[in-house]
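Just below is one structure, and these are the notes that go with it.
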Amino acid sequence: MSSSADSSSFPGRIVRRALLLDAPERAATRLLGMILARRAEDGTIQTGRIVEVEAYLGPHNTPPDPAAHSFRGPTGRNRVLFGPAGHAYVYSIYGRYFCMNVSCEPEGRAGCVLLRALEPLGTAESLARMATHRGLNIEPYANGYPLADQAARALTSGPSRLCQALGLTRAAHNGLDLLDPDSPLQLREDGFTPAEPLVTPRIGIRQAADWPLRFALRGQRCVSGPARLRG
DNA sequence: AGGCCGATCCTCT
DNA sequence: GAGGATCGGCCTA
């Protein structure tokens, strides 16, 4: 048998739910440095370290967050946000992409954290799988690390890129408990301790465009956005 | 029933 | 730096 640990089990250990039972700004900074890990139906896994996030506030806040999907209360699409902390909220955008959030706060409060970028992790085989998911040529990934900066960014720098790389869809992943050891999509931690994050306004929104709710790890190559927002 | 628009990405200039 | 793809969801009527 030549099944490497990488392709059969997730790295690190499951995150404690208490870390996410909190306001989105605090949950967001705690998510930085954690690992998002997905097990595909064929048993392979794809993983990345979270390097950029954005907080979206629930409608109970004053003032409420007009950029949040929960702004106008529960709907069929956003109901996961009003449920318990630590679940995946995956939605489709522009008809062709998905974005993924982590719900936070106690049940009834709809705060959440958008995952905007990952540093890809894993073996060459795993990186190549992510490249295939992204529709990229696997050749730059077939030898594993070190990955060129440009190749790493092409994989997982951006909220919809990371969903593509990990094969995340609304149909398969929306509502999953990220802290359940049997879940095919989990949040893990491996002892990585990030420094104080860069804090900026959120990207790509029109409402509340100046609220400082984007958090990124300084010096991380996969952080998205224009240079001045990448630390 | 219909219209509008987006927490994006990619291509081209 | 700008524009197009593409469609589900939410709002108005």
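Just so you know, these numbers use all the heavy atoms, side chains as well, and skip hydrogens, waters and symmetry mates. All chains are named by letter (A, B, ...) in the order of the sequence lines, taking the proteins before the strands, and each is independently numbered beginning at 1.
- Between A:E25 and A:A55, the shortest heavy-atom distance links the atoms N-CB, 3.9 Å.
- With a cut-off of 3.5 Å on both Watson-Crick or G-U wobble distances, the partner of C:dT6 is given as none.
- Between A:Q207 atom CD and B:dC5 atom P the separation is 12 Å, expressed in whole Å.
- The aromatic ring of A:Y94 does not sit over the base of C:dA5, since the test of centres under 5.5 Å and planes under 30° is not met.
- Ion pairing between a basic and an acidic side chain is recognised when a charged N comes within 4.0 Å of a carboxylate O; A:R17 and A:D22 show no such pairing.
- Comparing B:dC9, C:dG9, C:dG8 against the side chain of A:R170 picks out C:dG9 as the nearest.
- Summary of the strand contacts: A:R206 and A:L162 both lie near DNA chain B, and taking for each the nucleotide with the nearest heavy atom, the more 5' one is attributed to A:R206.
- Heavy atoms of A:R77 sit under 4.0 angstrom from primed sugar atoms or phosphate atoms, though from no base atom.
- The separation of B:dA7 from C:dG1, taken at their P atoms, amounts to 22 Å, rounded to a whole angstrom.
- Regarding A:R96, its CZ atom lies at a distance of 16 Å from the C1' atom of B:dC5, rounded to whole Å.
- In this structure, A:R134 reaches the B:dC10 phosphate: one of its side-chain N or O atoms is under 4.0 Å from OP1 or OP2.
- Set against C:dG8, B:dA7, B:dC9, the side chain of A:S92 has C:dG8 as its closest nucleotide.
- Summarising the geometry, the separation between CG on A:N78 and P on B:dA7 is reported as 13 Å, rounded to the nearest angstrom.
- Atom CG of A:L31 is separated from atom C1' of B:dA7 by 16 Å (rounded to the nearest Å).
- For A:R202 and B:dG6, the CZ to C1' distance is 14 Å, given to the nearest whole Å.
- One atom, OH of A:Y97, and another, P of B:dT8, lie 11 Å apart when rounded to the nearest Å.
- Atoms CG (A:N174) and C1' (C:dG9) sit 13 Å apart, rounded to a whole Å.
- Nucleotide B:dA7 is matched to nothing when pairs are restricted to Watson-Crick or G-U wobble geometry with both distances under 3.5 angstrom.
- Taking the centre and axis of the six-membered ring of A:Y56, the NZ or CZ atom of A:R202 falls inside the cone set by 45° and 6.0 Å.
- Side-chain proximity of A:I93 to the nucleotides C:dC10, B:dC10, B:dG6 is greatest for B:dG6.
- Among the candidates A:R153, A:R221, A:R49, the single residue satisfying the salt bridge (charged side-chain N to carboxylate O under 4.0 Å, His left out) test with A:E119 is A:R221.
- Along DNA chain B, the nucleotide nearest A:I203 and the nucleotide nearest A:Q164 are compared for position; the residue whose nucleotide lies closer to the 5' end is A:I203.
- With A:F82 as the aromatic partner, A:R109 does not meet the cation-pi criteria of under 6.0 angstrom to the ring centre and within 45 degrees of the ring axis.
- The phosphate of B:dT8 has OP1 or OP2 within less than 4.0 Å of a side-chain N or O from A:R116.
- Taking atom CE on A:M100 and atom P on B:dT8, their separation rounds to 16 Å, with Å as the unit.
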